[in-house]
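Below: one structure in structure tokens.
Fair warning: this is a prediction, and the values are worked out from it, not measured in the lab.
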Amino acid sequence: MDILLIFLLIFSFTPFLLWGDKWRKTALLQIPFVAGAWFTFIKHMMVGIAPNESYLWILFIANLIYGHIAFTIILMELRKSMKFRQRFVQQNY
């Protein structure tokens with residue numbers, strides 16, 4: 001459960017990073033997934049999840065998948081900006 005909480009914290013922060021990298025639509029689309037995942041986690045910790053509420057786990061897993069995709073976008077943008085800076089520095093020398 002600790003790993004899921006760490007993932008949840010990381011992926012709760014990704015909409016802010018996406019917003020800063022000008023991926024505003026992706027950031028806004030992730031907010032309902034993050035809210036649903038937090039609801040699922042808190043409900044599981046407080047009262048448990050009944051077998052007929054398996055859709056909550058699907059929402060939680062969808063947040064993990066969407067968060068991985070968003071985090072990959074952030075890493076790709078970071079890598080692209082670092083390559084641009086390296087070229088800029090090499091041209092100035």
Do you reckon I69 sits in the same ILVMFWY cluster as M76, going by side-chain contacts under 4.5 Å, direct or chained?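 Result: no, two separate clusters.
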Going from CE on M46 to CZ on F41, what distance comes out if it is rounded to the nearest 0.5 angstrom?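 Separation between the atoms: 9.5 Å.
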Run the side chain to side chain contact (heavy atoms under 4.5 Å, CB included) check on L9 and W38 step by step: do they pass? CA-CA 9 Å; L9 290 173; W38 274 107; 3.7 Å; yes
According to a 4.5 Å side-chain heavy-atom criterion applied to Ile, Leu, Val, Met, Phe, Trp and Tyr, with indirect links allowed, do I73 and I65 form part of one hydrophobic cluster?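 Yes, because I73 and I65 connect within a single hydrophobic cluster, where side-chain heavy atoms sit under 4.5 Å apart.
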How close do P15 and A27 get, counting heavy atoms only, and between which atoms?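 Nearest heavy atoms, P15 then A27: O-CB, 3.4 Å.
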Verify same cluster id: F13, W19 (apolar side-chain graph, 4.5 Å):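 Looking at the clustering, W19 is in a separate group from F13.
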Would you say L28 ends up clustered with F33 if hydrophobic residues are merged whenever their side chains have heavy atoms under 4.5 Å apart, either directly or through other cluster members?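 Result: no, two separate clusters.
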Any chance you could measure F16, atom CZ, to I31, atom CD1, to the nearest 0.5 Å?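 Here the rounded value is 7.5 Å.
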Between T40 and L56, which heavy-atom pair has the shortest distance, and what is it?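 Taking T40 first and L56 second, the nearest heavy atoms are OG1-O, 3.2 Å.
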For residues A70 and Q30, report the shortest heavy-atom separation together with the two atoms involved.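 Smallest interatomic distance, heavy atoms only, reads CB-OE1, 3.8 Å.
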Taking it one step at a time, do Y66 and T26 satisfy side chain to side chain contact (heavy atoms under 4.5 Å, CB included)? CA-CA 10 Å; Y66 196 74; T26 307; 3.5 Å; yes
Closest approach of T14 to I74 (non-hydrogen atoms, all atoms of both residues):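 Looking at all heavy atoms of both residues, the closest pair is O-CD1, 4.1 Å.
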Are I58 and I42 connected into the same hydrophobic cluster when the rule is that any two of I, L, V, M, F, W, Y join if their side-chain heavy atoms are below 4.5 Å apart?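 Different clusters.
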